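In what follows, chains are A, B, ... by sequence order, proteins preceding strands, each numbered from 1. What you see is a predicted model, and the numbers here were worked out from it, not measured in a lab.
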Amino acid sequence: MTASIKIAERHRDFFEMVFETVKQIPEGRVTSYGAIARYLGMARSSRMVGWAMNVSHRLPEPVPAHRVVNRAGVLTGKHHFGAPDRMQTLLEAEGIKVENDRVVDFEKLFWDPASAPELRLK
DNA sequence: AATGTGACATACC
DNA sequence: TGGTATGCCACAT
């Protein structure tokens with residue numbers, strides 16, 4: 001395997017697909033763990049997406065993990081960004097408003113990798 | 001080796 | 001309507 005990341009062989013591809021998907025989230029948009037899992041054919045393994053995000057911190061290349069929230073738009077992973085409010089800061093830097101650890105207008109900003117409206121419209 | 005713990009989601013009382 | 005249980009599976013202890 002390429003990097004020093006410890007990922008089980010048979011799931012390495014899955015993790016990489018997660019990273020690729022996350023990297024395609026447009027700036028200023030967000031998606032959910034479940035949407036990614038569903039898109040990759042592991043609808044019931046959304047927790048693994050969370051694990052992938054956890055691992056992504058060790059990746060040589062940057063993965064915009066802050067654009068992934070739970071299905072309610074809550075920043076459940078904020079404690080994994082070093083500083084408690086780093087995730088929120090990153091989001092707000094992209095024009096996404098956050099109140100009470102929740103993305104404002106989540107439904108509008110939601111980007112589904114399956115439908116990928118941004119990619120289809122262009 | 002066995003058990004517990006999650007950056008989740010869904011189903012069911 | 002809201003809490004609880006369960007599926008999921010890599011990883012830590």
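- Distance CE (Met53(A)) to C1' (dG6(B)): 15 Å, rounded to an integer number of Å.
- Taking atom CE of residue Met48(A) and atom C1' of nucleotide dT5(B), one finds them 11 Å apart after rounding to whole Å.
- Asn54(A) has its CG atom 17 Å from the P atom of dT5(B), to the nearest Å.
- Side chain of Asp105(A) to main chain of Lys108(A): no donor-acceptor pair is present (N/O by atom type, distance under 3.5 Å, no hydrogens or angles).
- One atom, CZ of Phe14(A), and another, P of dC8(C), lie 14 Å apart when rounded to the nearest Å.
- Two residues are said to be in side-chain contact when any heavy atoms from C-beta on lie closer than 4.5 Å; His66(A) and Val30(A) fail this criterion.
- When the C1' atom of dT6(C) is taken as reference, atom CZ of Arg47(A) falls 10 Å away, rounded to whole Å.
- For the residue pair Gln24(A)/Glu20(A), the side-chain donor-acceptor check at 3.5 Å is not satisfied.
- With rounding to whole Å, Asp112(A) atom CG is found 15 Å from dA9(B) atom C1'.
- Contacts of residues 70-78 of chain A with DNA chain B (heavy atom under 4.0 Å): Asn70(A), Arg71(A), Thr76(A), Gly77(A).
- Whole-Å rounding puts the His80(A) NE2 to dC8(B) C1' distance at 13 Å.
- Other residues, nucleotides and ligands place no more than 12 heavy atoms under 6.0 Å from the CZ atom of Arg44(A).
- Scanning atom types as modelled, no donor and acceptor separated by under 3.5 angstrom connect the side chain of His66(A) and the base of dA7(B).
- Between the base of dC8(C) and the side chain of Ser45(A) there is no donor-acceptor pair shorter than 3.5 Å.
- Rounding to the nearest 0.5 angstrom, the gap separating the OG atom in Ser56(A) from the NZ atom in Lys23(A) is 10.5 Å.
- Here the C1' atom of nucleotide dC8(B) and the CZ atom of Phe106(A) are 12 Å apart, to the nearest Å.
- Distance check on atom C1': dG3(C) versus dA7(B) gives 22 Å, rounded to whole Å.
- Each of Phe81(A) and Arg38(A) was assigned the nucleotide of DNA chain B with the nearest heavy atom; the assignment lying further toward the 5' end belongs to Phe81(A).
- Here Glu94(A) pairs with Arg67(A) in a salt bridge; the nearest charged N to carboxylate O distance falls below 4.0 Å.
- The base of dG7(C) lies outside donor-acceptor range of the side chain of Arg44(A), with no N or O pair under 3.5 Å.
- Using a 4.0 Å heavy-atom distance criterion, Ala65(A) is classed as a base contact.
- A salt bridge links Asp101(A) with Lys78(A): the distance from a Lys NZ or Arg NE/NH1/NH2 to an Asp or Glu carboxylate oxygen falls below 4.0 Å.
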